[in-house]
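Have a look at the structure below, then the notes.
Just so it is clear, the structure is predicted and the values come from calculations on it, not from any experiment.
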Amino acid sequence: MNELKRKSIEVVVDTAVSSFAEGLISRYRSEVNDLNGVINMKKNNCFIAELGEEFMFYSAFVRSFDSSFGNVLEKMGNNIAKLSYEVRGNIESFILPDQIQRIASVLDSYLDHSAKPSISHYSDYMSIYPKDITSYKRNHVTDNYFFSAEKNEHYLIELKASGDLDNKKSKAEKSALLEEYFLLKNQLKNDKTAKIKIFFGTAYNKFGEGKQWKQERVKQFFSDDELLIGKDYWNFVCDDYNGFDIIFEQYKLSVKSIIKKFKKEYQSVCLCA
């Protein structure tokens with residue numbers, strides 16, 4: 001990776017993390033005298049309050065951080081991707097009844113284990129396009145939609161920034177991706193060289209980076225070629241094998257400064273309340 005791109009990624013990461021932290025600090029500061037504020041409500045739990053003011057603060061902080069940071073990671077991924085791809089938004093197109101039926105058929109075959117996930121189950125499927133597609137039009141919201149002009153490839157990614165996917169939602173996630181696939185395929189039907197790839201991604205590997213990702217229920221609906229887990233997702237976003245390492249090194253630097261600031265804010269504001 002060239003130095004300019006590296007520096008740009010570091011700026012994106014630092015800006016995203018710092019902005020998020022400023023928002024949390026501002027929130028906690030504004031709630032110092034609010035009896036229903038996040039920190040003050042913790043005081044009503046005698047079991048937590050007994051562990052001390054600082055523990056009480058950080059227990060609330062971690063919960064807020066974890067529940068909100070997913071949106072930050074998703075936006076950060078899109079902003080980093082702009083350095084390597086054209087980042088696009090929602091897909092406005094149409095989907096045909098036979099394609100909807102194909103999606104249902106594919107998912108049912110995965111559900112009853114009569115077939116294993118394969119990109120050929122949808123990429124090889126051909127439709128006959130009617131002249132009037134007005135009644136089939138749809139607008140689909142996407143998490144990540146990247147386009148590589150150099151390769152003429154379109155990438156659709158459903159991202160779970162939390163790093164985890166409820167096993168019961170695996171089928172729904174694959175269904176949504178297949179709908180996006182056919183919507184985009186129909187939009188690009190006159191471009192015979194365009195390729196579309198779909199992925200399910202997570203911002204981190206819940207089993208540990210570098211370790212096997214074991215959510216077998218999810219793998220029941222997604223082939224290995226359709227997965228971007230943790231490090232693989234960030235490397236893909238950066239379009240570089242070392243992308244994750246660059247992002248995480250900057251993240252560690254940014255978070256250290258944030259923790260120091262939080263401690264200072266907590267001691268000067270929250271403990272005085």
Side-chain angles (χ1 to χ4, degrees), residues 74 77-78 81 85-161 164-202 213 215-229 232-233 236-237:
E74 183 179 319
N78 277 322
Y85 309 98
E86 178 183 329
V87 177
R88 299 183 175 181
N90 300 342
I91 304 172
E92 292 187 15
S93 184
F94 63 94
I95 187 167
L96 303 174
D98 70 290
Q99 293 171 333
I100 294 175
Q101 186 176 359
R102 178 63 176 180
I103 292 172
S105 176
V106 167
L107 294 177
D108 285 344
S109 70
Y110 298 163
L111 194 61
D112 63 18
H113 299 283
S114 61
K116 291 184 178 181
S118 170
I119 61 174
S120 64
H121 293 158
Y122 52 88
S123 61
D124 293 342
Y125 186 74
M126 303 297 291
S127 292
I128 299 175
Y129 294 101
K131 292 182 179 180
D132 186 5
I133 49 87
T134 305
S135 61
Y136 306 132
K137 288 185 176 181
R138 287 192 191 179
N139 180 32
H140 203 293
V141 178
T142 63
D143 289 343
N144 294 148
Y145 173 10
F146 308 149
F147 172 63
S148 171
E150 180 183 355
K151 299 178 181 179
N152 196 19
E153 290 185 347
H154 301 254
Y155 310 113
L156 300 170
I157 307 172
E158 283 290 321
L159 175 67
K160 284 298 174 185
D164 189 18
L165 175 63
D166 187 327
N167 287 335
K168 296 179 181 179
K169 297 181 180 179
S170 303
K171 181 180 178 181
E173 289 290 340
K174 185 59 177 282
S175 178
L177 270 170
L178 289 175
E179 282 195 21
E180 290 180 35
Y181 174 87
F182 280 114
L183 283 166
L184 188 54
K185 182 178 182 179
N186 294 341
Q187 187 183 84
L188 302 170
K189 61 186 178 67
N190 294 324
D191 186 347
K192 304 304 181 183
T193 64
K195 293 182 180 179
I196 305 171
K197 296 183 179 181
I198 62 173
F199 299 99
F200 168 74
T202 65
W213 192 67
Q215 283 204 272
E216 296 303 323
R217 175 66 171 171
V218 179
K219 290 184 176 181
Q220 182 181 352
F221 292 93
F222 292 91
S223 70
D224 288 341
D225 293 334
E226 297 171 322
L227 295 175
L228 291 173
I229 305 302
D232 291 338
Y233 170 75
F236 187 88
V237 165

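- Interatomic distance, OH of Y122 versus CD of E226, reported as 3.5 Å (0.5 Å rounding).
- A 4.5 Å side-chain heavy-atom check between S123 and Y181 finds at least one atom pair inside the cut-off.
- With sequence neighbours excluded, no residue forms a salt bridge (Lys or Arg N to Asp or Glu O under 4.0 Å) with D225.
- Qualifying salt bridge (Lys or Arg N to Asp or Glu O under 4.0 Å) partners for E179, counting only residues two or more places apart in sequence or in other chains: R138.
- Side chain of K192 to backbone of K189: a donor-acceptor contact under 3.5 angstrom is found.
- A 4.5 Å side-chain heavy-atom check between Y136 and P97 finds at least one atom pair inside the cut-off.
- Under the salt bridge (Lys or Arg N to Asp or Glu O under 4.0 Å) criterion, no residue pair touches residues 123-132, with sequence neighbours excluded.
- Looking at residues two or more places apart in sequence or on another chain, you find no side-chain hydrogen bond (donor to acceptor under 3.5 Å, both in side chains) involving D143.
- When all heavy atoms of L188 and A194 are compared, the closest pair comes out as CD1-CB, 4.3 Å.
- Checked by atom type and distance alone, the side chain of Q187 pairs as donor or acceptor with a backbone atom of E92 at under 3.5 Å.
- Taking the side chain as every heavy atom from C-beta outward, I103 and I95 approach each other to under 4.5 Å.
- Between I91 and T142, the closest side-chain pair of non-hydrogen atoms falls below 4.5 Å.
- The closest side-chain heavy-atom distance from F147 to N152 is below 4.5 Å.
- Between Q99 and N186, the closest side-chain pair of non-hydrogen atoms falls below 4.5 Å.
- Residues F146 and V237 form a side-chain contact, since some pair of their non-hydrogen atoms from C-beta on lies under 4.5 Å apart.
- Atom NE2 of H154 is separated from atom CG of D191 by 6.5 Å, given to the nearest 0.5 angstrom.
- A centroid separation of less than 6.0 Å is found between the aromatic rings of F236 and F199.
- Counting heavy atoms from C-beta on, the side chains of F222 and K174 come closer than 4.5 Å.
- Y145 and G89 make their closest contact through CD2-O, 3.5 Å (heavy atoms, listed as atom of the first residue, atom of the second, distance).
- Within the structure, every pair that satisfies the salt bridge (Lys or Arg N to Asp or Glu O under 4.0 Å) test and touches residues 146-155, not counting sequence neighbours, is listed here: E153-K197.
- Atom CD of E173 is separated from atom CD1 of I198 by 11.5 Å, given to the nearest 0.5 angstrom.
- Using modelled atom types, one finds no donor on one side chain facing an acceptor on the other under 3.5 Å when comparing N144 with Y85.
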Side chains of residues 105-112: which donor-acceptor partners sit under 3.5 Å, not counting sequence neighbours?
| from | atom 1 | to | atom 2 | distance (Å) |
| --- | --- | --- | --- | --- |
| S109 | OG | V106 | O | 2.6 |
| Y110 | OH | S118 | N | 3.4 |
| Y110 | OH | H121 | ND1 | 2.7 |
| D112 | OD1 | S114 | N | 2.9 |
| D112 | OD1 | S114 | OG | 2.7 |

